[in-house]
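First the structure, in the form of structure tokens, and then the observations on it.
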Amino acid sequence: MTIKTLSEILVEMGETPVSADHAQSAVLDEHNFAKLTKSPSTAHNLPNNSKPKKHHQQNRQATSHTKQTANKSADTTNKKPATAHQQTAATPPTSEKLATILESVAKEPLAQTDRANNYLRWLAFYYLSRRELSQHQLRQKLLAKGCDPEAVEALLIEFADKGYQSDKRCAAMIVRESIRKGRGRRHITQLLKTAQLHPNETTASELDRLIADATIDAVADNAMTGTPSKPNWLRLAVEARSKKYGESIPLTAKDKAKQLRFLQYRGFELDVCFEALKYRPEDLLDE
């Protein structure tokens, strides 16, 4: 029996034996990519300039793109910022004659629309159009809206000078409205104090002067004496009590106490309150 060698067996199987002496190490690159990764039959059927050529072109494009990017970055790095001298040279300098003329020109601020000032004035006119306000009351309202305190003070001075706002008119309005509503002397005093229009508290004649300056000559319910600027507090108290509890004189202690508290709440002085419990409105018509 003959023993066959490995080379003979490979020849019978259709394979070509390769000796170790002729074997070469294959390096995978773009040139032998198809030959080494495909089967012999598939590699034989591929055209010569198919996939390997396309892959080679892509690598070329990528290499050229990388070179261009590197060149751009190098150009950007090499560029230096313009110096101050170069920037100044771009703008023509002002001539000495022109500079002298500009120095002699009066510098005035440009006329601009101040929205905050316009809003402040509109707000002040809005409040004063609704009712008379004292300077203190108007100041508090404007500051509560977040207006600038210095601008508010300047506006108050301007409005007082021009007559847009008047403490005297405000005091007269307080007196007239209080008397029309059947309120007493103490109520008027408290309102004037709240508006910071109250005179010296130790001088009772000051309040009488304010009431006289109010020129109350058309008060409802004929609550005046022969002197048109002096209210009849007793008549006012009697009429206020009669509107609330009727014209009859209170007889029980409970009714007297109830009507007495009501007159005190209306701002009448205590002696006027006690006297008002003794009269009916018709009893004071001749006074």
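All values below come from the heavy atoms of this structure, side chains included, with hydrogens, waters and symmetry mates left out.
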**Request:** Start with the C-alpha gap between Arg139 and Glu153, add the side-chain angles, then the distance that decides, and say whether side chain to side chain contact (heavy atoms under 4.5 Å, CB included) holds.
**Result:** CA-CA 8 Å; Arg139 178 186 295 108; Glu153 293 300 325; 2.7 Å; yes
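Here the straight-line distance linking atom CD of Glu177 with atom NE2 of His187 works out to 9.0 Å at 0.5 Å rounding. Here the straight-line distance linking atom OG1 of Thr189 with atom CD of Glu269 works out to 7.5 Å at 0.5 Å rounding. Between Thr194 atom OG1 and Ile174 atom CD1 the span is 8.0 Å, to the nearest 0.5 Å. Distance CG/Asp148 to CG/Leu120: 8.5 Å, rounded to 0.5 Å. Summarising the geometry, atom CG belonging to Asp271 is positioned 9.5 Å from atom CG belonging to Leu234; distances are rounded to the nearest 0.5 Å. In this structure, the separation between OG on Ser242 and CD on Gln259 is 8.0 Å, given to the nearest 0.5 Å.
Residues Leu236 and Pro231 come closest through the heavy atom pair CD1-CB, 4.3 Å. Heavy atoms only, all atoms of each residue included: Tyr279 and Leu284 are closest at CD2-CD2, 4.0 Å. The shortest heavy-atom contact between Cys273 and Leu263 is SG-CB, 3.5 Å. When all heavy atoms are compared, the tightest approach of Lys256 to Leu277 is O-CD1, 3.9 Å. Among all heavy-atom pairs drawn from Phe159 and Leu128, the shortest one is CD2-CD1, 3.7 Å. Across Cys147 and Leu123, no two heavy atoms sit closer than the pair SG-CD2, 4.3 Å.
Looking only at side-chain heavy atoms (C-beta outward), Gln264 and Leu270 come within less than 4.5 Å of each other. Residues Arg185 and Trp233 have side chains in contact (heavy-atom distance under 4.5 Å, counting atoms from C-beta outward). Counting heavy atoms from C-beta on, the side chains of Lys258 and Pro250 never come closer than 4.5 Å. Between Val152 and Leu143, the closest side-chain pair of non-hydrogen atoms falls below 4.5 Å. Residues Leu142 and Leu155 have side chains in contact (heavy-atom distance under 4.5 Å, counting atoms from C-beta outward). Within the 4.5 Å cutoff, side-chain heavy atoms of Asp161 are placed close to those of Ile157.
Shown are Arg169, Arg176, Lys168; of these, the salt bridge (Lys or Arg N to Asp or Glu O under 4.0 Å) with Glu132 is made only by Arg169.
Leu197 and Ile179 fall within a single hydrophobic cluster, where Ile, Leu, Val, Met, Phe, Trp and Tyr side chains are chained together by heavy-atom contacts under 4.5 Å. Note: the hydrophobic cluster containing Val175 also contains Met173 (ILVMFWY, side chain heavy atoms under 4.5 Å, direct or indirect links).
The pair Lys162-Glu158 meets the salt-bridge criterion, since a charged nitrogen lies less than 4.0 angstrom from a carboxylate oxygen.
Open room surrounds CZ on Phe274; 12 or fewer heavy atoms of other groups in view lie less than 6.0 Å from it. Other residues, nucleotides and ligands contribute only 12 or fewer heavy atoms inside 6.0 Å of the OH atom of Tyr265.
Residues passing the side chain to side chain donor-acceptor pair (under 3.5 Å) test with Arg186, sequence neighbours excluded: none.
Judged by distance alone, with hydrogens and angles left aside, the side-chain atoms of Asp255 form no donor-acceptor pair with the main-chain N or O of Thr252 at under 3.5 Å. No donor-acceptor distance shorter than 3.5 angstrom exists from the side chain of Gln135 to the backbone of Gln165, with no hydrogens or angles considered. Between the Ser178 side chain and the Ile188 main chain, no donor and acceptor come within less than 3.5 Å of each other. Arg241 contributes a side-chain N or O that, together with a main-chain N or O of Ala276, makes up a donor-acceptor pair within less than 3.5 Å.
Tyr245 and Phe262 have perpendicular rings, their planes meeting at more than 60° on a 0 to 90° scale where under 30° would count as parallel.
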